[in-house]
Amino acid sequence: MAQITLAKALTNGMRVAMEADDKVLLMGEDIGKLGGVFRVTDGLQKDFGEDRVIDTPLAESGIVGTAVGLALRGYRPVCEIQFDGFVYPAYDQIVSQVAKLRFRSLGKLPMPIVIRIPFGGGIGAVEHHSESPEAQFVHQAGLKVVACANPVDAYWMIQQAIASDDPIIFLEPKRRYWEKAELDETVTEAPRPLHSSRIVHEGSDATVLAYGPMVKTSLEAAVAAAEEGKTLEVVDLRTLSPFDMDPVYASARKTGRVVVVHEAPVTAGLGAELAARITEECFYSLESPVLRVGGFDTPYPPSRVEEEYLPDLDRVLDAVDRSLAY
Amino acid sequence: MAQITLAKALTNGMRVAMEADDKVLLMGEDIGKLGGVFRVTDGLQKDFGEDRVIDTPLAESGIVGTAVGLALRGYRPVCEIQFDGFVYPAYDQIVSQVAKLRFRSLGKLPMPIVIRIPFGGGIGAVEHHSESPEAQFVHQAGLKVVACANPVDAYWMIQQAIASDDPIIFLEPKRRYWEKAELDETVTEAPRPLHSSRIVHEGSDATVLAYGPMVKTSLEAAVAAAEEGKTLEVVDLRTLSPFDMDPVYASARKTGRVVVVHEAPVTAGLGAELAARITEECFYSLESPVLRVGGFDTPYPPSRVEEEYLPDLDRVLDAVDRSLAY
Amino acid sequence: MSDADFGPDLGAVFGPSHEGEGPELVQLLTPEGERREHPEFSYDGTDDDIRGFYRDLVLTRRIDAEATALQRQGELGIWASLLGQEAAQVGSGRALSPQDFVFPTYREHGVAWCRDVDPLRLLGLFRGVDQGGWDPRENQFGLYTIVIGAQTLHATGYAMGLQRDGVVGTRDDGRDTGVIAYFGDGAISQGDVNESFIWASVFNAPVVFFCQNNQWAISEPIEKQSRIPLYQRALGFGFPGIRVDGNDVLACYAVTKAAMQRAREGSGPALIEAYTYRMGAHTTSDDPTRYRLNQDLEHWKLKDPIARVDAYLKRNGLADDDFFAGVEAEADEIAARLREGCLSMPDPNVLDIFDHVYADPSPELEQQKAAFADYLASFESEATV
Amino acid sequence: MSDADFGPDLGAVFGPSHEGEGPELVQLLTPEGERREHPEFSYDGTDDDIRGFYRDLVLTRRIDAEATALQRQGELGIWASLLGQEAAQVGSGRALSPQDFVFPTYREHGVAWCRDVDPLRLLGLFRGVDQGGWDPRENQFGLYTIVIGAQTLHATGYAMGLQRDGVVGTRDDGRDTGVIAYFGDGAISQGDVNESFIWASVFNAPVVFFCQNNQWAISEPIEKQSRIPLYQRALGFGFPGIRVDGNDVLACYAVTKAAMQRAREGSGPALIEAYTYRMGAHTTSDDPTRYRLNQDLEHWKLKDPIARVDAYLKRNGLADDDFFAGVEAEADEIAARLREGCLSMPDPNVLDIFDHVYADPSPELEQQKAAFADYLASFESEATV
Ligand SMILES: Cc1ncc(C[n+]2csc(CCOP(=O)(O)OP(=O)(O)O)c2C)c(N)n1
Ligand SMILES: Cc1ncc(C[n+]2csc(CCOP(=O)(O)OP(=O)(O)O)c2C)c(N)n1
Ligand SMILES: [Mg+2]
Ligand SMILES: [Mg+2]
């Protein structure tokens, strides 16, 4: 079984989806010959042609807006947004059309559109290339939002997202594109449903909730904590809309202490929603308030300070300690 | 002292600001001769001319994008977005330019821009005319967000927002435009700072947090509760970014029970942020988890069901009862 | 340095006049009801078709008038009247092939009529019982779109889908398919509309952009959107633009038919500016007296889209009193049915909204629905107690 | 039905050729270094100015080369090279009046040079120590804008501010002010850019849109953005568009000067398409071998913007060896200073970011800063312990 990067796992997952259903189209900037700036669509235009792997004009609203029309004609467009910060020109089409057309049509018009967004920081990039916009999409009913954290999930989740008749914001942990794992591509059954969370590290002292790039960080924190004799339970949320809360509640009841980690600024971020839900559901089980580790309430800073700005192993452990000391 | 509607109070507040500083400009669709679809700019173009009250082409990104340029030239643009659902074409300019230019310039470039948005439902309108987008703006560092709930606040807050050197999303409770109150326009001092919350009804059994249109609803709930012998403390948050949490924490500690009310869908709404903060800060004072009353996780529905969809007096009281029974 | 020295001179390009009545305006039937010849476009239909147009125009106007009345009586929350734009909509609507797909704004009641959408279905949105009650796939007529301009990108994407389906340029008239996107003079300022022009031209998509320039975007006159005629916008994107008398049903029919034919053949997009006038308020919520002069309205009344067809039919003895009486009777009957249907429209059940958010709703949303159902029930039980 | 029958015929409008080398291309200095006459535009500067251009071109290219080298050595995170676009930037940059305001993309290093922005300041963004280290109000040179097209609306709004300040069309050359907005061939597809064309024309704002068509938007060739020459886009919005040889510094200077003059006089906006070529990669992160042929590059090398000025000066004996040696020496000196400055650029203090979010920061944000400062300090104390 070969080692494969997260980026390549996405490529292969899309390839499988395109072979299975010729209504699947890829659209975006530079996704053809270049294979995308992260090479996630590498080779797909060569194999499936320019009609199915479409290099579009440089306008995100146009990409998503024409994807809506293609979906109305029976296609299943997969749009690539080149970087998180460039999804905003398409925000209106996403929020007022992609998210609402099924509702508007009383269920008659499905919107099987996937919008792929490489998100998060840590790659030393310039402004607008390191943002984490997920909370805004989760707030928009009509959308579904998922984030993969490892190559195996990337391979399966992109296929499941493309197969979904609901529009899906598919978040890819940019700085983990080059992470490797073993992937058995002979398997034909997805290991688990798309909209399910997963415990990736068992523990009993505290629960750490993460998704996308922060899953690896949290796992590292769990290892470090173990050396200090504390066992952390790490949950890879995987699905952000809808949330799969049952494993989260179970873990929270077990440990009584929860820390949520994400790169996005804390204020009005997903940590707030998770904290509110967990507190409502597990009020009497909590030994301490749910603590949130995330970006500060500033725009994403210049890359020379991003390592300090971004939540890391120490910030996670610091929060865990505060929770334990509470 | 005359009775004045909330809409007219905004008109008069803007008039005062325009008289005080000729760098203040109004921009938007139909704000000239028509005076805006809600007549909030009624008469201002006649008095200040077409150069200061600008009927723009029909494109929201253009409105906000040119406002940025005007601000860079030393003007203080006040943009009117005709309805909440139409702010999204301008979302990119708001999030990536208005919110970030000061940060990008290391503080050199102020962005004294006010973006007025009539928000919320309850007026029997068609799709996109009844939405509550506030949580998304609160999540965006670099912006400030306020919501007025009564004519007196409307009059003062719009003046304070225009005087602010930081960009402000100014939320106007659409369905309260016609609410009246006494306003003394001879006063020249604002009664309180822009970014302050305010207790609008004292009580000791539970705290209800609201802003914009839900303040009136919450006050009605307080009256109804009083008849049942329960006293509710109602806080009009007024400022959503930054939050003014001290009065909120004080009230939460006093009552031990908090209900947050807003029209926006609950998931990833501001209720989550408030619940998370209050729980972190007042963990041992809470008798029950912070409960959230808001829109369901669906797009805003057709107007014939909006009265049921929207949080009302009964939904607030129901949550209060659940909190008290906890 | 003057404009003329700097780049191509617009005057030289488009001829002397930029006025609505300028030479570039395609007109085949004058306000007085006389047929006109045009070098490029000619009406190829029969007199019977013209009688059909007359019927469409009158019935459309009546449906619109009845809806306005229903709003006044509180049966609709709002109504966007097409008064004055009947010819633009019927002419273009009748020029379409059955398989062509239509992307409307919120004012295309006349096009809906041509696509056999039950007028009653249109009322749902304005009454607030739904947000689009018809099935777009039944009549190839999309849902009304309220966010200005958004539908032009949908239309272009749909047209790209047609290309991929191999139903463009096959020379099989029953098979070749095109798309028509409606929008207004204000909408042409939106980024989305301009992006749709770019996509359509770059991919040579079979889409016709039909802009009804009714001179107003709510209170803003056309000068707030453009300083040159709107049809000229197309030239900047590399496809043809044409201005047609939007109150002339024959010209709208002929030009749209030619443009759709081009599109279906694979010759790419075109922009049609139907030069017309919004004779009513923007919507029933609007008060035009605040921003426009009555005399404009009077001027345009002389160009009424129905009067000229009426005059043409009568002058040439192509329709007798029975015909006109018949159309009137049909209009009365439709109006009555519309009113009756509107009043008896059932209110939606708030619990149903949870079912239309997702194809595959989350357990969480199901719970929200169930909890809300219990909550609502608790009142009924209270009531019954 | 063919295009020609449908609306104005583009061929008739713009002449036979749509090729880059077509007759519409304004060129005043050939690749061989020979002066050319043009009916509309002429170079009115002195030979001394041309020597100045040569110096600007060479120094700009050297600064760019040094930055590329610094990136290769890991001193910059990324660099967007202007290689090949020096003439477009120096020609347009030198055509501006001191009071004119510039809105750049992220590649306008040559324009920055003309505006006396210290090249070192440009590196901050690419090194990741800041996001724009210069004060736009000092040199009338805006911050680099990365979101494609966004700055064109800012430029138009700024120009509307100039109109309101009464510094347009006063016939006082020291007072009248204009704006120039830079963007690329890919950017012209963004809604924002098209909306800026609408605003500029409707308000007749004093803004010149300077589009450097370097043939590529990362990996996408110009055909993915437009099927007609970009300068023709302006015609659809009612203002003049002109295509200039972007590798001809004299033509770029003359055309930009004329357009800015028009704008400052109050004659409104214009679009200039500088037809050039991106001789390097999109950025240092890009790999052009994946999507374009080397032969194109070879073809364009023959049109190098510097070589032709060099040839002109030498052929006409307008500059001696000392001059060329002097420019080389100056380039070496600037490159050395740039390298030295880059290496000694202080890293930012993460705590400072909290100070630039708001003019009036919230107590809450101050608390976040203080708490984070304590957190960071805790490690130091640990370390010292
Ligand atoms: C994005 C957006 N902004 C604003 C509005 C509010 N609005 C509704 S109709 C309208 C004017 C549209 O004018 P036009 O395009 O000429 O179409 P018409 O109404 O004249 O048919 C406006 C501004 C909207 N619906 N969508
Ligand atoms: C809104 C947005 N989308 C995507 C990008 C990513 N991106 C950066 S440069 C670029 C290509 C720009 O091409 P062009 O406008 O021709 O300018 P050039 O780089 O050739 O100078 C793209 C797609 C971006 N910066 N902003
Ligand atoms: Mg109109
Ligand atoms: Mg380019």
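Below, chain A is the first sequence line, B the second, and so on; all start at residue 1. Atoms considered below: every heavy atom in the structure, side chains included; atoms not considered: hydrogens, waters and symmetry mates.
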Inset, instruction - Compare every heavy atom of B:Arg104 with every heavy atom of D:Tyr144, then report the nearest pair and how far apart it is. - result: O-CD, 4.1 Å
Legend entry - Within-4.5 Å side-chain heavy-atom neighbours: D:Asp355 and B:Phe103: no
Inset, instruction - Would you mind checking if D:Arg164 and B:Asp22 are paired as a salt bridge, meaning a charged N to carboxylate O distance below 4.0 Å? - result: no
Legend entry - Under 4.5 Å from a heavy atom of chain D, the part of B:Leu143 involved: backbone
Inset, instruction - Could you tell me whether the side chain of D:Trp199 reaches within less than 4.5 Å of the side chain of B:Thr56, counting heavy atoms only? - result: yes
Inset, instruction - Name the region of D:Leu365, side chain, backbone, both or neither, that has any atom closer than 4.5 Å to a heavy atom of chain B. - result: neither
Legend entry - Distance in Å, B:Arg102 CZ paired with D:Tyr358 OH, rounded so as to fall on 0.5 Å steps: 11.0 Å
Legend entry - Portion of D:Thr145 that has a non-hydrogen atom of chain B nearer than 4.5 angstrom: side chain
Legend entry - Which atoms of B:Lys100 approach chain D - backbone, side chain, both or neither, heavy atom under 4.5 Å: neither
Legend entry - Largest heavy-atom contact set with chain B, pairs under 4.5 Å, which of D:Ser196, D:Ala205, D:Gly161, D:Pro348: D:Gly161
Inset, instruction - Answer whether the closest heavy-atom distance between the side chains of D:Glu364 and B:Arg277 falls below 4.5 Å. - result: yes
Legend entry - Residues B:Gln93 and D:Asp192: side-chain donor-acceptor under 3.5 angstrom: yes
Inset, instruction - Indicate yes or no: at least one non-hydrogen side-chain atom of B:Leu106 is less than 4.5 angstrom from one of D:Asp130. - result: yes
Inset, instruction - Using non-hydrogen atoms and a 4.5 Å limit, figure out which bit of B:Leu194 sits close to chain D: side chain, backbone, both or neither. - result: neither
Legend entry - Region of D:Asp165 that comes under 4.5 Å of a non-hydrogen atom in chain B: both
Inset, instruction - Check step by step if side-chain contact (heavy atoms from CB on, under 4.5 Å) holds for D:Val147 and B:Gln97. - result: CA-CA 9 Å; D:Val147 177; B:Gln97 305 302 329; 3.8 Å; yes
Legend entry - Side chain / backbone / both / neither for B:Ser241 at chain D, heavy atoms under 4.5 Å: side chain
Inset, instruction - Side-chain contact test, heavy atoms from C-beta onward, threshold under 4.5 Å: evaluate it for D:Pro136 versus B:Leu109 and give yes or no. - result: yes
Inset, instruction - Pick one of side chain, backbone, both or neither for B:Asp92, based on which atoms fall under 4.5 Å of a heavy atom in chain D. - result: side chain
Legend entry - B:Lys108 and D:Asp135 ion-paired at < 4.0 Å: no
Legend entry - Proximal component of D:Phe101, with respect to chain B [non-hydrogen, under 4.5 Å]: neither
Inset, instruction - Answer with side chain, backbone, both or neither: which region of B:Ser61 has an atom nearer than 4.5 Å to a non-hydrogen atom of chain D? - result: both
Inset, instruction - Applying side-chain contact (heavy atoms from CB on, under 4.5 Å), run through B:Thr66 and D:Phe203 and close with a yes or a no. - result: CA-CA 11 Å; B:Thr66 52; D:Phe203 295 106; over 6 Å; no
Inset, instruction - Could you have a look at B:Ile63, B:Asp244, B:Val64, B:Leu101 and say which one has the most heavy-atom pairs with chain D under 4.5 angstrom? - result: B:Ile63
Inset, instruction - Would you mind checking which part of D:Ala150 comes under 4.5 Å of any heavy atom in chain B, side chain (CB onward), backbone (N, CA, C, O), both or neither? - result: both
Legend entry - Side chains of B:Asp166 and D:Asp360 in contact at under 4.5 Å (non-hydrogen atoms): yes
Legend entry - B:Ala59, part contacting chain D, at a heavy-atom distance under 4.5 Å: both
Legend entry - Interchain contact, D:Glu195 with chain B, by part (heavy-atom threshold 4.5 Å): side chain
